[in-house]
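Note sheet for the following structure.
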Amino acid sequence: MSEDKKQVTSRAGEESNQQLREASRTDRKKREIKLPHAGIVVLVGPSNSGKTTLLDRLASEGVIRRTETVSSDQFRMLVGDEEYMEWKNRPRSEADVLYAEYQQVSAKAFEAMEAIVSTRCRLNKLTWIDATHLYPEDRERLVHLARKAHVPVIAIVLDIPEKELLERDSQREYPRGRQRVKQQVQQFKRSLRSIREEGFDANYILKQPDEITFVRATNPLLLDMGSGVDIIGDIHGCYEEMMELIIKLGYVKGETGLYQHPDGRKLVSVGDVSSRGPESLKCLLFWQQHCAAGLAYMIDSNHGWKIARYLDGRDVTLSHGDELVEAELIQLEQAQGTDLAQRVRAELRDFLLEAPSHLVFTQNGVRQVVVAHAGIRDHFIGKQSKRIQDYCRYGDVEGTDVEGRPIRKDWYVDHTSGECIVWGHDPRPYPTIVNDTVNIDQGVVFGGMLTAWRMPEREAVSVFARKDYAEDRNSPLVRWERKRLSPPNLRKFKEGFTVQTNSRMDVTIHGEVAQTAIDTFSHFTVPLEELVYIPPTMSPPPVASSVEGYLEHPQDAFQYYRSQGVTRMVAEKKHMGSRAILLIFRDEQVARQRVGRPMLGNIVTRTGRSFFDPATEQLVLSRLHADLSADGYFERHQTEFVLLDAEIVPWNLKARELIASQYAHVSESSLMDRNILLDKLREAEQAGRDVTEWLQETELKLANAQTFRDVFQYYCWDVNDIGDIRIAPFHTLAHSTGTFWEQTHEWHMEQNREFARISPLMMETEYRIIADETDEADIIRWWDEMTAEGHEGIVIKPETFRTWNGNKMIQPAIKVRGRAYLHIIYGMDYLAPENLSRLRKRKTSKKERHALMESALGMEGVERFVRGESVERIHECVLATLSLESDRIDPRL
């Protein structure tokens, strides 16, 4: 054979082999069935068609789990104890009864089986159903069940020749009988003509099931979070703000022109990247290109869906800024030609039409965050259907208002499944966290902000809009501001509620304490809009004193903080006064904007009541405001207000009734009784009676009563005018520019010193820094000397206002009261050995939990006030704190 012929033959052989390989691949592809990740697989076929055999094979191959299969025979056994009832070859009287019983058992078996299937569908599980399913009504029920649960349903039909079915039946332990099999075959053939029209998502008719390969699909909505995701809110064509935010998040432009994060993080869009703003087309192309490259994800949205249908040639009316996208596309065609414009249109059409309703990001296989444009119900998560797609696009809407705007329901109040749900669609002036859902549409196109929510860090990053592009005088942000001071709906709180805080702590308030607090709130506190902060309670050291003869000692506070990893602390002298919160505005116009009425500010107690009578409060505020203004405080700090946590002395300013009715009365009675007893005992001693031990005990008790009297009197003096009042601010909580949780307590003490310099009404608080054991010894000596003179004691705090041990916040402060002062708390004879031994067993854990929760609530409420959030949002933090204060805890702690 010539060389040329050999080459031709060789090429022909290679082509033939290639054709065979392609045919083989095509054949294998034809014989492969892709199973859904969840839903229902309905097996259809007469008895003996191999349904159970197929399931056994798939389970042994690891394609499905045994728990993913249910069968009619299995449920007949469960409800009726018998897999099969034989009524043939019986007398007519017996056969009729057995057949009726079999029908009843079968009906109940299918009822129970479908209940299990329904439950599994709701949990987004895959279930194979092993039954004949020969009748359309049986299959219709399962299709309806799947549709109701928003899961796919497919049919796998086993078409086996009648002759083979009969042979298999003859070999069964309980044969169905020749006549019954033939009847089933006839019904099966009728089913073959209709099954394709019955609403299954897919159906497969198999003549040789052994030759079919089944492949399990994964849920396309579930994605691994990897190094983290940055979820960006509604962009609406604000391209410059979008790029500013992406760069702020740490993304860098690569050689291909696409942006990547050095740590491998991915961008995620909640949708509505176009419309209303100036550069919708650039935004759409950015996300289309980055999603195609696997660097980003984008979900479906209402504006995206309308643009998709427009690009698909459907009859839609472009409005609410969507018409601007059409104008940009027309401009593109005019500038760069029809071919490019058509290609861009086709790519964007496919991109928008294929956008998922929502995405679920997992970490270590556990769902962590759900991204949905307008919200999602818990039982929709991880599922796909037209109903879910619509819900995620538009949210939970109940009609429209008089101006034609949708009335949105608060879907997020029912969220309980644990994942963080991040959504947009409903513009709000700040990221809003409610019930582990986060709204990140801050209305950038209306002049607000563009926000990203970082996971797993759970933190917001925002940039401000360059302008109000929409120029809508009735924009959502404008409407939100109008409603900001509206009274809260107290019914939302009566049955209990949960407040999520930025201190990584969710605080749940139960209905019974909430109702008590609501009653207090409604009748006794200052107006809701003026009540910003309730200071937290404070716990004593969490363990019994390690020093003999003491109930509380600084050493125990040091030990607690050292165990929490704190290396630097602050000790502050504790004033024996009354806690007060001072809110002082720069001017009355600022107050009108912040709280709805012109005022200089207010001074409230830790129960939300006015600290002074109206006239005295006005005098104190006027003096403070004048002093701060004269010093240029507001201008120097560029703030509209200052919020202070303070003690106001003397104690009798607020505790006059308590002192008169309890302390003074008890002191006077005890001194009189014990002096009389002591006189009588001395007379008895002079008369020769042996009362030495009794006399010593009474002398000690008299000294205790004198200490009791001296301690409370030490903190009381006459107040003739406001010049006799002193205010000791120990926390500068906030300015209008932000809060000061991350500042050190030394910084707060320096602010305190500045206030004392500015106003004669203010006083400094003595403090010490604790860095090592030498400092601890000095603090203990200082505390001993101070409390021996009758002072209450000190407060030990970690270096910064808010301190963490890992991801848990630790006690923000621990009070250590002196031995003398504790006489007025635990009784004048509390140091008696038997009493002290009992008191050292006191439990402080509940007080500690409340201190942490109230601290988190207080900080959250102030942050919301600084951001200008609604009264209702601030109110829930204050109400929650008051509710915790209504809970029963030993008031002496």
Side-chain angles (χ1 to χ4, degrees), residues 428-430 474 477-490 492-493 517-535 580-630 633-635 637-646 648 722 727 729 732-739 759 761 858 860-879 881-882:
R428 302 175 180 206
Y430 39 77
N474 197 31
L477 296 186
V478 172
R479 296 197 302 272
W480 183 270
E481 180 61 26
R482 287 190 201 128
K483 295 188 298 182
R484 186 173 64 81
L485 297 175
S486 299
N489 180 3
L490 293 180
K492 292 176 62 174
F493 305 110
I518 288 171
D519 185 62
T520 300
F521 211 93
S522 303
H523 293 88
F524 303 110
T525 68
V526 299
L528 300 183
E529 59 272 17
E530 299 173 19
L531 188 53
V532 176
Y533 177 77
I534 298 292
I581 304 302
L582 290 81
L583 174 61
I584 307 172
F585 291 109
R586 184 186 66 201
D587 53 53
E588 292 188 343
Q589 183 58 36
V590 167
R592 187 190 297 277
Q593 295 170 356
R594 287 281 178 172
V595 298
R597 72 180 182 94
M599 60 188 301
L600 290 179
N602 61 24
I603 305 172
V604 299
T605 69
R606 66 181 314 272
T607 58
R609 295 167 168 84
S610 290
F611 193 97
F612 298 106
D613 63 82
T616 305
E617 180 182 71
Q618 193 61 32
L619 280 173
V620 174
L621 285 172
S622 296
R623 176 77 63 84
L624 291 172
H625 185 270
D627 291 341
L628 291 171
S629 298
Y633 181 89
F634 297 105
E635 290 73 19
H637 294 282
Q638 296 183 334
T639 181
E640 296 178 345
F641 64 82
V642 60
L643 183 66
L644 302 173
D645 193 351
I648 299 183
I722 64 170
I727 302 170
T732 304
L733 298 171
H735 288 162
S736 61
T737 52
T739 59
S759 175
L761 283 180
E860 181 67 23
V862 173
E863 288 171 359
R864 293 179 182 184
F865 180 74
V866 169
R867 289 196 297 262
E869 296 201 26
S870 66
V871 168
E872 182 171 288
R873 290 269 294 161
I874 301 165
H875 161 80
E876 72 170 4
C877 299
V878 174
L879 179 62
T881 306
L882 289 174

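Remark: E529 does not engage R597 in a salt bridge, criterion side-chain N to carboxylate O under 4.0 Å. At a threshold of 4.0 Å, the pair E588-R592 does not count as salt-bridged, since none of the basic side-chain nitrogens sits closer than that to a carboxylate oxygen.
Side-chain contact between L582 and L643 is absent, with no heavy-atom pair separated by less than 4.5 Å. With contacts defined as side-chain heavy-atom distances shorter than 4.5 Å, the pair E872/F493 qualifies. At a threshold of 4.5 Å between non-hydrogen side-chain atoms, the residues F611 and V620 do not count as touching. Residues Y430 and E863 fail the side-chain proximity criterion, which asks for heavy atoms closer than 4.5 Å. Counting only heavy atoms from C-beta outward, the side chains of R594 and S736 approach each other to under 4.5 Å. Annotation: side chain of H637 is not in contact with side chain of L628 (no heavy-atom distance under 4.5 Å). Taking the side chain as every heavy atom from C-beta outward, I581 and L644 never approach each other to under 4.5 Å. Between R609 and V604, the closest side-chain pair of non-hydrogen atoms is not below 4.5 Å.
No side-chain donor-acceptor contact under 3.5 Å links N602 to the backbone of V526. Checked by atom type and distance alone, the side chain of R586 never pairs as donor or acceptor with a backbone atom of F634 at under 3.5 Å. Checked by atom type and distance alone, the side chain of E617 pairs as donor or acceptor with a backbone atom of I603 at under 3.5 Å. A donor-acceptor pair is defined here as one N or O able to donate and one able to accept, closer than 3.5 Å; such a pair exists between the side chain of R606 and the backbone of P535. In this structure a side-chain-to-backbone donor-acceptor pair under 3.5 Å is present from H625 to F585.
Nearest heavy-atom pair across I874 and E869 is CD1-O, 3.7 Å. Nearest heavy-atom pair, I648 versus A580, reported as atom, atom and distance to 0.1 Å: CD1-CB, 3.5 Å. Considering every non-hydrogen atom in both A646 and P729, the closest pair reads CB-CA, 3.5 Å. Minimum interatomic distance between G601 and L621 (heavy atoms only, all atoms of both residues): O-CD1, 3.3 Å. Of all heavy-atom pairs between T607 and T525, the closest is O-CG2, 3.7 Å. In this structure, V862 and A734 approach most closely via the heavy-atom pair CG1-CB, 3.6 Å.
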Checklist entry - side-chain contact (heavy atoms from CB on, under 4.5 Å) between R482 and N474: does it pass, once the steps are laid out? => result CA-CA 10 Å; R482 287 190 201 128; N474 197 31; 2.8 Å; yes

Item to check | Test side-chain contact (heavy atoms from CB on, under 4.5 Å) applied to V871 and R484, step by step | outcome: CA-CA 6 Å; V871 168; R484 186 173 64 81; 5.8 Å; no

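For F641, the ring pair (Phe, Tyr, Trp, His ring centres under 6.0 Å) partners at least two apart in sequence or on another chain are F865.
Interatomic distance, CZ of R428 versus CZ of R873, reported as 8.0 Å (0.5 Å rounding). Taking CG from L583 and CG from L733, the interatomic distance works out to 10.0 Å, rounded to the nearest 0.5 Å. One finds the CG atom of L882 at 4.5 Å from the CD1 atom of I534 (value rounded to the nearest 0.5 Å). Considering CZ of R623 and CG of L600, their distance stands at 13.5 Å, rounded to 0.5 Å. Of the inter-residue distances, the one linking E640 atom CD with Q589 atom CD reads 10.0 Å to the nearest 0.5 angstrom. One distance of note links OG1 of T881 with OH of Y533; it measures 8.5 Å at 0.5 Å rounding.
Applying the 6.0 Å contact sphere to CD of E635 captures more than 12 heavy atoms from other residues, nucleotides or ligands.
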